[in-house]
Amino acid sequence: MIPLWMYLLVAAALFCMGAYAVLARRNAVAILMGVELMLNAVNINLVGFWRYQQPLNMAGQAFAAFVFVIAAAEAAVGLAIIISVYRQRKSVIPDEADTLKG
Amino acid sequence: MPELECAFPQVVNNLAPCLAQGGMNADLANFISILLGVVLIAALPLATLLILLVVERKVAARVQDRIGPNRVGPYGLLQSIPDALKMMTKEDITPAGADVFIYNLAPIIAFASVVLLWAVIPFTPLHIGADLSIGALYLIAVASIGTVKIMVAGWSSNNKYALLGAFRTIAQLLSYEVPLVLALLIPVMIAGTMSMQGLVEAQRGMWFFFMAPVAAIMFFIANQAETGRAPFDLLEAESEIIAGYNIEYSGFKWGMFMAGEFMHAFTASVIFAVIFLGGWIGPGTDQLPILGFVYLGAKTVVVYIFGLVLRSTVPRVRIDQLMSFNWKFLVPLAIINVLVTALLLQVVNWLGIAPQGDAASDLIANLPQTVVLLLGNLGVMGTVSTLVRNMGRQQRLADEAVEADTEVEELAHAAAH
Amino acid sequence: MLELNVQTLAFFVFALFVLGGGLGVITTRNLVHGTLYLILSLFGVAGFFVLLSAPFLAVVQVLVYIGAIAILIVFAVMLTRSMTSLHEVVNRQWVLSTIVAVLLFVMLTVTIILPVWGQDGSLAGQPVSEVVATTTDLGKALVDGNQYVLPFEVASLLLTAAMIGAIVIARDDE
């Protein structure tokens, strides 16, 4: 089989891409996509470790399933906030939502 | 008796040993046998498509008191072939401002998402693309890829009607996925497995249609909406959004959309037959598994023709009616149905009348469980229909009261003058 | 080293999907394209799950991410009209972000490779056993009182709360 480190490497690369998107993209939707990428990288790791280290203990798969739940909840609420902010300020750039700035 | 490996039933059941016997490398024989299976499974929907088009037009014509196609071939049975040729020779248009790569990708997704469904359909006890342990879930996942094609097609066409149509369609598909999944959950709960072959095997004694009629009807309705068939054919409401998301497509690409749609409708009938009507189960399938094809085909045709007749007899619903029917009626009913079925299955277990072991394939042993489940379903149906009728009557009375009021007012108004 | 078989080939194809899609998401100017890249990437992850003998998660990945989340994102992109109208793709701190991301990747790579680096330069990392828990086991673990039934219920509560919250937030109150 493919050695575990290859999966981990791909997951690491995906996580860094996601982190870059979260830190550097201007559009809120793109930031959200970055978060999804990071969550997926985490999931690859969880399932990878489950398969290679503890294939009979369900912790890895169960946690991956919970990550799905978190991702779905996060996407729903996050996009709702984005749409709501867009209605108020006609902008999807988080930098421009700065009413509270002193 | 090694010679017999290549005799008729065996060669149909499993090709690989027969090839290997002819002196072929065992791996290669396996590979060829799998490849042949894949090609067959992918080609089967395409072959049925040519027949489906004629059947569809013939049935619609009969319902509408017409004759239908009757020029090409006997009874117009070959009509699909000139149609297909005509479609392929039409000009292939790419609209200005279209997102070309995505625009060309959409028809492929449309087609692939339907062909992929056939991978888990059990045709006979032996013939199935892949008997996944999560087959039922796979069906839903692949069907949900279908929304991607609509979004992609609607957006990349650079046409506001296409985009509007895509929005409406996606809203419809996403909404009706909920009752679809919840209806599919009932057979899975009764059978205790998500494998398609397991679901069919569990119906040896009694078809799920009789154990879970509410789920079956709901599954049929939701499928009708998922495949965009009347009365839910809002995706191509010609009179409102002129064909919706695929308005800009022409020629072969449009043909792929249309073929995908027809095949999806047929595939949905196959899935209904597999999950609720016992799939390949019928007398003699244990001796001659290939008979399963015939049984499955016959059951599918019944479901499909029923859908066709429905399609050509009912009018199209409005988008708001479509949505409120789903969210205010189907989804609550589906949830109640899941709860009731779970409860009844526990009761059946508690009473100890669930068929055990070998008895599971016996009709008599299945009867008590079926009766309990059927009664529960009828109870749900009766309660819901009473509720709906009462609500409808109140609404009607309220409407009439308002009308009467306005009439009185008008009369008073007229008298005052 | 690696023998060339279907699994290896599939791994590299899916890795290409995952990383190519990810790169597309972070570089593309057009957010609808970005979503399609995201779908590609998530599809690759589903492929990984199949290779890792977790078919249930693979199917749920397709169902939840591609069927629901990606579609949601497209809706958001279209509703906020942010397809291509951006003047700049990145914000002011993008240089810093790049450095952080690359540094993080280098650090992760080192920590991943070092523990499995053998004396003779070979890389270990084979599964401890070929026996794998099935979907049935996962289902039982999720509702087992001694295992994950509490997180499971909390997760369903979270989903309900998120659903209600999303409706309330996005509601257009006149």
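Letters go in sequence order (proteins before strands), and every chain restarts at 1. Side-chain atoms are counted along with the backbone in the values below, which use heavy atoms only and exclude waters and symmetry mates.
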Tell me whether A:F63 at atom CZ has more than 12 heavy atoms from other residues, nucleotides or ligands lying less than 6.0 Å away.
no
Show which side-chain atoms of residues 54-74 of chain C pair as donor or acceptor with protein atoms under 3.5 Å away, not counting sequence neighbours.
residue: C:Q61; atom: NE2; partner: A:N40; partner atom: OD1; Å: 2.8
residue: C:Q61; atom: NE2; partner: C:L42; partner atom: O; Å: 3.1
residue: C:Y65; atom: OH; partner: A:N40; partner atom: ND2; Å: 3.4

Of the listed C:G21, C:G22, C:A141, the one with the largest count of heavy-atom pairs under 4.5 Å with chain A is C:G22
Distance, nearest 0.5 Å, that separates CG of A:L8 from CG of C:L108:
9.5 Å
Looking only at A:S84, A:A12, A:A75, most heavy-atom pairs under 4.5 Å shared with chain C are made by A:A12
A:R87 and C:A170 have their tightest heavy-atom pair at NH1-O, 3.0 Å
Working to the nearest 0.5 angstrom, can you tell me the gap between A:M17 CE and C:L23 CG?
3.5 Å
Spacing of A:C16 atom SG and C:L104 atom CG [to the nearest 0.5 Å]:
4.0 Å
Would you find a donor on one side and an acceptor on the other, under 3.5 Å apart, between the side chain of A:R51 and the backbone of C:F49?
no
Does any backbone or side-chain atom of C:S156 lie under 4.5 Å from a heavy atom of chain A? Answer side chain, backbone, both or neither.
neither
Of the backbone (N, CA, C, O) and the side chain (C-beta and beyond), which part of C:L51 lies under 4.5 Å from a heavy atom of chain A, both, or neither?
both
Can you tell which part of C:L138 gets under 4.5 Å to a heavy atom of chain A, answering side chain, backbone, both or neither?
both
Got a second to check how far C:D137's CG is from A:N57's CG, nearest 0.5 Å?
11.0 Å
Closest approach of C:A15 and A:V10, non-hydrogen atoms and distance?
CB-CG2, 4.0 Å
Contact check, side chains of A:Y20 and C:T98, non-hydrogen atoms, under 4.5 Å
yes
Near-ring test C:F11/A:Y7, centroid separation under 6.0 angstrom:
yes
Most chain A-contacting option - heavy-atom pairs closer than 4.5 Å, from C:L19, C:V95, C:V100:
C:L19
Under 4.5 Å between any side-chain heavy atoms of A:M33 and C:L31, yes or no?
yes
Do you know which two heavy atoms are closest between A:W50 and C:S53, and how far apart they sit?
CH2-O, 3.6 Å
Using modelled atom types and a 3.5 Å cut-off, is there a donor and acceptor pairing between side-chain atoms of C:Q93 and backbone atoms of A:A24?
no
Let me know if A:L32 has heavy atoms under 4.5 Å from chain C in its side chain, its backbone, both or neither.
neither
Quick check for you: among C:Y148, C:F14, C:Y37, C:W94, which has the greatest number of heavy-atom pairs under 4.5 Å with chain A?
C:Y148
Counting heavy-atom pairs under 4.5 Å to chain C, which of A:N43, A:V85, A:I82 comes out on top?
A:N43
Considering only heavy atoms and a distance below 4.5 Å, find which of A:V77, A:L79, A:I83 pairs most often with chain C.
A:L79
Please classify the contact between C:V18 and chain A as side chain, backbone, both or neither, with a heavy-atom cut-off of under 4.5 Å.
both
Who among A:A65, A:A62, A:A41, A:G48 has the most heavy-atom pairs with chain C under 4.5 Å?
A:A62
Distance, nearest 0.5 Å, that separates CG of C:L52 from CD1 of A:I44:
8.5 Å
Contact class of C:I167 relative to chain A, heavy atoms under 4.5 angstrom:
neither
A:W5 versus C:I112, closest heavy-atom pair with distance:
CB-CG2, 3.7 Å
Is there a side-chain contact between A:I70 and C:L158 (heavy atoms, below 4.5 Å)?
yes
Measuring from C:I169:CD1 to A:I81:CD1, what's the distance to the nearest 0.5 Å?
4.5 Å
Any pair with a residue in residues 65-80 of chain C that passes salt bridge (Lys or Arg N to Asp or Glu O under 4.0 Å), sequence neighbours left out, goes on the list, sorted by first then second residue, please.
none
Side-chain touch C:V45/A:L14, heavy atoms, less than 4.5 angstrom
yes
Quick check: are there more than 12 heavy atoms from other residues, nucleotides or ligands sitting under 6.0 Å from CZ of C:F75?
yes
What part of A:A28 lies closer than 4.5 angstrom to a heavy atom of chain C: side chain, backbone, both or neither?
neither
